[in-house]
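Step one of this worksheet: look at the structure below.
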Amino acid sequence: MRMLWLARMALEILWPVYAVLGAVVMAEAWRRGVKPQTLPVAASSRELSAVVLAPWLLVLWSGVMYGAEQYPWTGGFRWASTIHSVAALTIAGISFYAMVRWRRNWTVSVPCGLAALAATAINWFVGAMAIANDWI
């Protein structure tokens, strides 16, 4: 239930990004004359979809670790937020790599990469607040 709540909170901020991304991808498909019946499942579309959906793993992790570091005065190692931050940096690196790898198809890869970076930043922020259970 907490994961759905965290996802809803992030989607309240991110829905315009995903709406613009969908419009750009549909416009590019229309420009190329691709019909839904003949749309091939290309490796690039699968990889770019994975890049766009990968930031939601941060919501999953922060939902599982909700409140794990609620009491910072215990003096323990902050392993949950460390894993959370390393995962966010990894996802950001993978999205940048996908933009560089698919630069031939820049009209789709750049919006996908930028949407992934925006989603990673917002999901990292929301997830960090959830792990610490300290809300703004």
Side-chain angles (χ1 to χ4, degrees):
M1 189 66 174
R2 287 184 182 141
M3 286 181 252
L4 291 176
W5 178 69
L6 291 172
R8 182 189 61 82
M9 187 183 319
L11 275 175
E12 285 178 357
I13 301 168
L14 284 173
W15 74 264
V17 172
Y18 283 116
V20 169
L21 177 65
V24 166
V25 170
M26 287 189 303
E28 180 64 17
W30 180 76
R31 185 183 69 82
R32 292 182 181 191
V34 177
K35 306 247 184 300
Q37 297 83 6
T38 62
L39 186 65
V41 180
S44 63
S45 64
R46 286 192 305 262
E47 289 178 4
L48 291 175
S49 299
V51 165
V52 170
L53 296 176
W56 296 100
L57 293 174
L58 297 174
V59 172
L60 180 67
W61 175 256
S62 59
V64 170
M65 292 292 134
Y66 188 89
E69 297 174 1
Q70 186 171 2
Y71 304 106
W73 55 83
T74 57
F77 179 67
R78 311 273 184 258
W79 61 272
S81 60
T82 301
I83 292 173
H84 183 70
S85 296
V86 168
L89 290 173
T90 303
I91 291 169
I94 289 171
S95 64
F96 181 74
Y97 172 74
M99 281 193 292
V100 171
R101 180 174 175 176
W102 299 106
R103 66 184 172 271
R104 290 169 290 145
N105 192 6
W106 68 270
T107 54
V108 175
S109 67
V110 171
C112 284
L114 293 177
L117 289 175
T120 301
I122 291 169
N123 288 341
W124 176 83
F125 181 70
V126 170
M129 288 191 301
I131 290 173
N133 200 14
D134 187 15
W135 302 93
I136 292 180

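Between Ala88 and Thr120, the shortest heavy-atom distance links the atoms O-CG2, 3.5 Å. Taking all atoms of both residues into account, the shortest heavy-atom contact from Ala116 to Pro55 is O-CG, 3.6 Å.
Of the inter-residue distances, the one linking Met129 atom CE with Trp124 atom CH2 reads 10.0 Å to the nearest 0.5 angstrom. The structure places CG of Leu58 at 12.0 Å from CD1 of Ile122, a figure rounded to the nearest 0.5 Å. Of the inter-residue distances, the one linking Met99 atom CE with Leu117 atom CG reads 5.0 Å to the nearest 0.5 angstrom. Note that CD1 of Ile91 and CG of Leu57 are 5.5 Å apart. Values are rounded to the nearest 0.5 Å.
Hydrophobic clustering (side-chain heavy atoms under 4.5 Å, transitive across Ile, Leu, Val, Met, Phe, Trp, Tyr) keeps Tyr97 apart from Val110.
Among Leu89, Thr90, Ile83, the single residue meeting the side chain to side chain contact (heavy atoms under 4.5 Å, CB included) criterion with Val86 is Thr90.
Although no hydrogens or angles enter the test, the distance criterion places a donor-acceptor pair under 3.5 Å between the side chain of Trp61 and the main chain of Ala80. The backbone N or O of Val59 sits less than 3.5 Å from a side-chain atom of Ser62, completing a donor-acceptor pair.
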